[in-house]
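Computed over heavy atoms, backbone and side chain alike; hydrogens, waters and symmetry mates excluded. This one's a predicted model, so the numbers in the text were calculated from it and none came from an experiment.
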Amino acid sequence: MRAASASPTTNASASLRNTNHFNFTPLPLSTVKNNNSNNNKKSTLVVVRAIKDRKEGVNEYNKENTAKQQQPLSLEDVNPVGLGRKSRQIFDEVWRKFSGLGQISRTTRADDKEALDALLIREGPMCEFAIPGAQNTTVLVVGATSRIGRIVVRKLMLRGYTVKALVRKADEEVSYKLPRSVEIMIGDVGDPSTLKEAVEGCNKIIYCATARSSITGDLFRVDHQGVSNLTKALQDYNNKLAQLRAGKSSKSKLLLAKFKSAHSLNGWEVRQGTYFQDAVASKYDAGMDAKFEFTEAGEAVFSGYIFTRGGYVEISKKLSLPLGYTLDRYEGLVLCVGGNGRSYVLILEAGPSADATQCNLYFARISTKVRVPFSSFRPVKPDYPPLDPFLVHTMTLRFEPRRQRPVEGPAGVKQDLRSFKLILEYIKALPTGQETDFILVSCTGLGVEPTRREQVLKAKRAGEDSLRRSGLGYTIIRPGPLKEEPGGQRALIFDQGNRISQGISCVDVADICVKALHDSTARNKSFDVCYEYVSEQGRELYELVAHLPDKANNYLTPALSVLEKNT
């Protein structure tokens with residue numbers, strides 16, 4: 001409104017003064033006369049002076065360009081890697097200048113600047129990439145200056161997201177790599193106290209950070225503890241918001257059992273039995289025993305042995321949920337357990353608790369997979385209906401020697417599969433949801449030096465497990481060896497089971513990260529991804545979808561719909 005009330009002379013002078021295409025020095029305002037004729041002359045002088053300077057600049061540019069063209073080309077000038085780096089530098093520079101267009105003058109009010117930035121970003125040339133709901137979503141990108149992180153940041157900006165970047169230090173190099181519209185947060189994933197401010201106002205997290213060395217301490221701090229610290233920080237922030245709303249966060253887990261004292265073991269019943277008739281069982285009865293106790297070390301331990309053929313031991317308890325809570329509002333269970341590598345059977349009893357004859361049993365086998373969705377429970381009898389979590393009233397944890405896999409103990413000695421030891425910390429119900437909250441870019445181990453592969457994978461898998469136990473909706477992406485080349489040029493393979501053998505472009509991985517933010521099929525999924533290839537005979541991939549990535553189609557939904565959850 002101020003510009004509309006200014007004089008023509010002021011308008012011309014102000015508009016030219018803020019033009020970056022050429023430089024000039026306007027005449028002093030004291031030379032401007034009060035009559036209209038002098039004002040017109042003044043304006044004409046300024047414009048002519050500006051045009052002259054602009055012509056001189058164009059001539060200088062033409063001379064420089066001619067000189068560059070006369071210089072001979074070298075191998076470095078046609079190196080694909082070098083050309084790729086130069087193209088990214090040019091794009092960064094263009095983006096930086098584009099972002100600066102919102103700053104029309106130094107005296108522009110803050111709210112006007114924000115409105116202009118929003119108009120340029122969301123209504124400008126990027127509108128064809130816009131995603132519904134993106135402008136109401138704030139994404140924290142961890143490892144924003146990494147090979148994948150830099151591309152993720154720009155893809156998010158083009159689609160209208162509000163982006164925050166977590167970096168360890170905000171030096172000139174970081175500022176050069178990131179667009180000016182990104183909010184830079186300084187923090188260390190290994191230090192939980194520095195993450196509280198970073199997650200403030202964030203709805204989702206994309207974790208692209210990775211340790212820069214193979215030192216065990218660095219791997220643990222970034223790839224394992226860093227993921228755990230950020231999941232806890234986001235959960236704490238969600239709980240804080242819920243408390244402000246006088247409620248409970250929809251992303252909070254429901255505590256079913258916490259084994260922190262001897263008193264917490266009350267209500268758990270230890271039982272034993274066999275799968276055979278009494279006559280057969282007595283013939284092969286060699287004894288079995290089990291106990292569930294709270295040790296002096298402060299651990300709840302379920303242990304024992306079974307030498308009877310077809311025998312089993314179990315602990316069971318009727319669930320006592322808080323008033324107003326039912327398990328149909330949750331999508332599964334998470335168990336924090338440890339032990340000697342044995343597998344167990346988790347059994348849920350559903351139906352009217354007062355009439356055992358009307359109850360049905362459902363089971364799921366667990367080992368190191370501690371996150372168990374209700375959809376993975378199968379009925380004991382084929383004629384039972386699918387599990388209804390609303391009717392679940394009893395939980396049982398059973399050990400049986402059959403179907404146990406041999407596990408080597410210290411010094412390569414094989415353990416006796418008929419003995420077991422399970423340490424329990426808690427059992428919780430996982431909240432349901434439609435979208436993922438945390439996207440983790442992990443790795444398959446391909447492309448990592450053999451001497452450090454085991455260490456890297458151990459830290460990566462530990463970080464993945466901590467994310468699965470968090471209760472947040474997650475997507476874990478394990479790309480093949482990363483390549484510095486354009487994306488969307490080759491079909492992709494999505495698979496599970498560590499069977500891929502090809503690399504993938506950093507651009508394609510970044511595109512998968514962005515697409516997974518609002519794709520319900522990506523929630524609670526872990527998968528490997530690489531370029532399409534022909535597998536060896538007898539080792540064909542059966543869970544894959546090959547499709548050329550493109551902004552005009554959603555290739556992620558059909559690709560992930562055939563993959564299993566929580567793998």
### Query
CD1 of I493 to OG of S501: how many Å apart, nearest 0.5 Å?
8.0 Å

### Task
Provide the full list of salt bridge (Lys or Arg N to Asp or Glu O under 4.0 Å) pairs with a residue in residues 196-208, sequence neighbours left out, each pair given once.
E200-K240, K204-E435

### Query
Should the ring pair F438 and Y207 be called parallel, tilted or perpendicular, given that the plane angle runs from 0 to 90° and is split at 30 and 60?
parallel

### Query
Can you check whether T138's main-chain N or O pairs, donor with acceptor, with N203's side chain at less than 3.5 Å?
yes

### Message
Given 3.5 Å as the limit, does a donor-acceptor pair link the side chain of T231 with the main chain of V227, or not?
### Response
yes

### Query
Taking NZ, NE, NH1 and NH2 as the nitrogens, is one of them in E299 or K421 under 4.0 Å from a carboxylate oxygen of the other?
no

### Summary
Of all heavy-atom pairs linking R159 and A134, the shortest is O-CB, 3.2 Å

### Summary
To the nearest 0.5 Å, atom CG of L234 lies from atom SG of C202 at 8.0 Å

### Step-by-step side-chain hydrogen bond (donor to acceptor under 3.5 Å, both in side chains) determination, N524 to E331
CA-CA 11 Å; N524 298 340; E331 68 176 20; 2.4 Å; yes

### Message
Run D328 and F374 through side chain to side chain contact (heavy atoms under 4.5 Å, CB included) and show every step you take.
### Response
CA-CA 9 Å; D328 61 322; F374 289 131; over 6 Å; no

#### Entry: For the student: nearest non-hydrogen atoms of V509 and P479, plus distance
CG2-CB, 3.8 Å

### Query
Between F302 and F420, is the gap from one ring center to the other below 6.0 Å?
yes

### Message
With a 4.5 Å cut-off on side-chain heavy atoms, are V345 and F399 touching?
### Response
no

### Query
Where do L219 and A211 come nearest, in terms of heavy atoms and distance?
CD2-CB, 3.7 Å

### Message
Less than 4.5 Å apart, side chain to side chain, heavy atoms only: is that true for R168 and I186?
### Response
no

### Message
Using 0.5 Å steps for rounding, measure from the CG atom of D218 to the CD1 atom of I215.
### Response
5.0 Å

### Query
Measuring from I151:CD1 to L156:CG, what's the distance to the nearest 0.5 Å?
12.0 Å

### Query
How are the rings of H224 and F220 set to each other: parallel, tilted or perpendicular (split at 30° and 60°)?
perpendicular

### Message
According to salt bridge (Lys or Arg N to Asp or Glu O under 4.0 Å), who are the partners of R221, at least two apart in sequence or on a separate chain?
### Response
D188

### Task
State whether the side chain of R154 and the backbone N or O of R150 hold a donor-acceptor pair below 3.5 Å, judged by distance alone.
yes

### Query
Any donor and acceptor pair, going by atom type alone, linking the side chain of Q502 with main-chain N or O of G480 inside 3.5 Å?
no

### Query
L430 versus L333: any side-chain heavy-atom pair under 4.5 Å?
no

### Query
Which atom pair, heavy atoms only, marks the closest approach of V141 to G149?
CG1-O, 4.3 Å

### Query
Can you list every ring-ring contact (aromatic ring centres under 6.0 Å, His included) pair that touches residues 497-519, not counting sequence neighbours?
Y161-H518

#### Entry: E400: side-chain hydrogen bond (donor to acceptor under 3.5 Å, both in side chains) partners, not counting sequence neighbours
Y275, R365, R402

### Query
Looking only at side chains, do S526 and R468 share a donor and an acceptor under 3.5 Å apart?
yes

#### Entry: Donor-acceptor pair, side chain of K525 and main chain of L560, under 3.5 angstrom
yes

### side-chain hydrogen bond (donor to acceptor under 3.5 Å, both in side chains) against T557, all qualifying residues, sequence neighbours excluded
D519, N554

### Query
Just wondering, do R147 and E484 contact through their side chains at under 4.5 Å, heavy atoms?
yes

### Query
In Å and rounded to the nearest 0.5 Å, what is the OG1 to CG distance from T210 to D223?
4.5 Å

### Task
Could you check E532 against R490 for salt bridge (Lys or Arg N to Asp or Glu O under 4.0 Å), going step by step and ending with a plain yes or no?
CA-CA 7 Å; E532 181 186 18; R490 298 174 60 181; over 6 Å; no

### Query
Any donor and acceptor pair, going by atom type alone, linking the side chain of S228 with main-chain N or O of Q225 inside 3.5 Å?
no

### Which residues share a salt bridge (Lys or Arg N to Asp or Glu O under 4.0 Å) with R461, sequence neighbours left out
E464

### Task
Just do the side chain to side chain contact (heavy atoms under 4.5 Å, CB included) check on T396 and L346 with the steps written out, would you?
CA-CA 6 Å; T396 301; L346 184 61; over 6 Å; no

### Query
If you round to the nearest 0.5 Å, how far is CG of L178 from CE of M157?
10.0 Å

### Query
Would D528 and F494 count as a side chain to side chain contact (heavy atoms under 4.5 Å, CB included) if you check the C-alpha gap in whole Å, the side-chain angles of each, and the deciding distance to 0.1 Å?
CA-CA 6 Å; D528 308 332; F494 295 81; over 6 Å; no

### Message
Holding to side chain to side chain contact (heavy atoms under 4.5 Å, CB included), I want the full list of residues that pass it with V448, two or more places apart in sequence or in another chain.
### Response
R452, R453, V456

### Message
Could you check whether any side-chain heavy atom of L472 comes within less than 4.5 Å of a side-chain heavy atom of N238, counting everything from C-beta outward?
### Response
yes

### Message
Applying side-chain hydrogen bond (donor to acceptor under 3.5 Å, both in side chains), can you list everything that pairs with Y531, at least two apart in sequence or on another chain?
### Response
E485

### Query
At their closest point, which heavy atom of C506 faces which heavy atom of L482, and how far apart are they?
SG-CB, 3.8 Å

### Query
Are any non-hydrogen side-chain atoms of Y474 and L440 less than 4.5 angstrom apart?
no

### Query
Which heavy-atom pair separates A516 from I439 by the least distance, and what is that distance?
CB-CD1, 3.9 Å

### Query
By side chain to side chain contact (heavy atoms under 4.5 Å, CB included), which residues pair with S146, not counting sequence neighbours?
C208

### Task
Tell me, please, which residues at least two apart from K155 pass salt bridge (Lys or Arg N to Asp or Glu O under 4.0 Å).
D511

### Task
Quick one: do L335 and Y426 satisfy side chain to side chain contact (heavy atoms under 4.5 Å, CB included)? Show the steps, please.
CA-CA 6 Å; L335 293 81; Y426 63 75; over 6 Å; no

### Task
Taking the side chain as every heavy atom from C-beta outward, state whether I366 and V337 have any atom pair closer than 4.5 Å.
no

### Query
For D236, what residues pass the side-chain hydrogen bond (donor to acceptor under 3.5 Å, both in side chains) criterion, not counting sequence neighbours?
none

### Query
Is any side-chain heavy atom of Y237 closer than 4.5 Å to a side-chain heavy atom of L195?
no

### Message
Donor-acceptor pair, distance only, cut-off 3.5 Å: does the side chain of T475 make one with the backbone of A522?
### Response
yes

## Note on the structure
For K164, the salt bridge (Lys or Arg N to Asp or Glu O under 4.0 Å) test, sequence neighbours excluded, returns none

### Message
Counting neighbours of CZ on R378 that are heavy atoms of other residues, nucleotides or ligands and sit closer than 6.0 Å, is the number greater than 12?
### Response
no

### Query
Would a distance-only check, ignoring hydrogens and angles, find a side-chain to backbone donor-acceptor pair under 3.5 Å from K253 to S470?
yes

